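The next block holds one structure in the form of structure tokens; read it before the comments.
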Protein chains: 2
Amino acid sequence: MRNIASFILAAAAITLAAPASAQFAKPDDAIKYRKSALTVMATHFGRVAAMASGRAPFDAKAAADNAAIADAMAKLPWAAFVEGSDKGDTKAKADIWSDGAKFKDANQKMQGEMSKLAVAAKTGSLDSIKAAVGATAGACKACHDVFRKD
Amino acid sequence: MRNIASFILAAAAITLAAPASAQFAKPDDAIKYRKSALTVMATHFGRVAAMASGRAPFDAKAAADNAAIADAMAKLPWAAFVEGSDKGDTKAKADIWSDGAKFKDANQKMQGEMSKLAVAAKTGSLDSIKAAVGATAGACKACHDVFRKD
């Protein structure tokens with residue numbers, strides 16, 4: 001058994017005044033940042049998904065906590081898809097920039113599903129979690145199919 | 001000008017029932033996760049630090065939002081310093097595991113300073129932010145000096 005540090009969160013709506021591109025000194029910094037945010041998100045989502053699929057024992061509190069973190073993380077990567085960051089250590093397809101509206105729709109769909117998962121996990125209902133995990137995974141895949149290189 | 005997605009956060013104290021090591025399938029997964037969490041934390045902390053040092057114009061809302069995210073991220077990396085993850089693509093020194101209590105003290109000191117920075121940033125006082133950025137950076141460095149390879 002081990003206590004892990006409390007994860008303090010506070011409600012905040014970020015509206016950065018500066019252009020997103022100004023937030024990263026180099027395109028490579030933006031690439032590293034968005035991959036990192038997605039890694040952290042995927043780790044916590046994966047723990048909930050493992051419970052949903054029966055690969056891990058269901059622990060309602062762990063499911064709720066991990067879903068809450070995944071939900072928070074899901075907001076972060078998108079501002080880092082800055083112009084010029086299609087080149088480098090990335091699987092991002094050029095369509096992200098040539099069809100920005102569609103990319104935004106796709107990632108917002110995922111964010112919406114992840115938020116629903118966080119709500120479902122708070123209820124402690126494994127059936128609700130299973131449904132929400134499936135919808136979220138589907139939204140991840142739908143975006144990857146179009147916007148991520150193999 | 002660009003609106004960046006809202007970053008939803010909710011108060012939560014994580015106490016995972018499973019041993020931390022069970023949360024990662026492989027030591028390499030734990031290494032990738034903790035480096036990712038630190039990268040996201042450092043990116044947001046860096047934006048506040050840039051304002052504190054005058055390298056970026058002071059924007060009170062952006063400072064508060066970025067400090068809140070850095071504060072949340074500061075809670076995450078430590079559960080990923082699992083046994084066996086001293087080997088691999090990591091600069092972690094063996095002392096992290098041989099002197100776990102000292103490592104915990106050092107990372108908790110950083111977490112405390114980052115939380116104080118988030119509080120300071122909410123006040124909108126640049127002087128308070130400068131002081132808190134300095135204390136936080138000092139806590140980062142103190143831990144790196146002892147527990148991170150060059």
Side-chain angles (χ1 to χ4, degrees), chain A residues 1-25 29-30 32-44 46-47 50 56-57 59 61-62 64-66 68-69 71-80 104 107-108 111 115 118 122, chain B residues 1-25 29-30 32-44 46-47 56-57 59 61-62 64-66 68-69 71-80 104 107-108 111 114-115 118 122:
Chain A
M1 304 286 286
R2 174 173 169 161
N3 284 351
I4 292 182
S6 61
F7 188 69
I8 306 302
L9 301 143
I14 293 186
T15 308
L16 294 176
S21 57
Q23 301 292 317
F24 297 97
D29 293 344
K32 184 179 177 187
Y33 171 88
R34 70 198 187 208
K35 289 168 77 170
S36 294
L38 288 164
T39 290
V40 175
M41 183 192 78
T43 300
H44 292 283
R47 290 178 188 164
D59 175 325
K61 174 155 173 45
D65 289 344
N66 281 291
I69 299 173
D71 183 31
M73 296 308 300
K75 316 296 176 189
L76 296 181
W78 322 113
K104 188 175 181 181
N107 74 54
Q108 287 190 335
Q111 292 177 58
S115 290
K122 267 194 206 168
Chain B
M1 303 287 285
R2 173 174 170 161
N3 283 352
I4 294 182
S6 60
F7 188 70
I8 306 304
L9 302 143
I14 292 186
T15 308
L16 293 175
S21 57
Q23 301 292 316
F24 298 97
D29 294 343
K32 184 179 177 187
Y33 171 87
R34 71 198 186 208
K35 289 168 77 170
S36 293
L38 288 164
T39 290
V40 174
M41 182 193 80
T43 300
H44 292 282
R47 290 178 189 164
D59 175 325
K61 172 156 174 44
D65 289 345
N66 280 293
I69 298 172
D71 183 30
M73 297 306 303
K75 316 294 177 190
L76 295 181
W78 321 113
K104 188 174 181 182
N107 73 55
Q108 287 191 336
Q111 293 177 57
M114 195 71 89
S115 290
K122 266 194 206 167

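The structure displayed is predicted, hence computed values, not measured ones. Residue numbers start from 1 in every chain, and the chains themselves are labelled A, B, ... in the order their sequence lines are given, proteins ahead of strands.
Note that OG1 of T39(A) and CZ of R34(B) are 14.0 Å apart. Values are rounded to the nearest 0.5 Å.
Taking 4.5 Å as the limit, some side-chain heavy atom of H44(A) sits within range of a side-chain heavy atom of L76(B). A heavy-atom distance below 4.5 Å is found between the side chains of M73(A) and M73(B).
Applying the side chain to side chain donor-acceptor pair (under 3.5 Å) test to K32(B) and every residue at least two apart in sequence or in another chain returns nothing.
Nearest heavy-atom pair, V40(A) versus A37(B), reported as atom, atom and distance to 0.1 Å: CG2-N, 3.7 Å.
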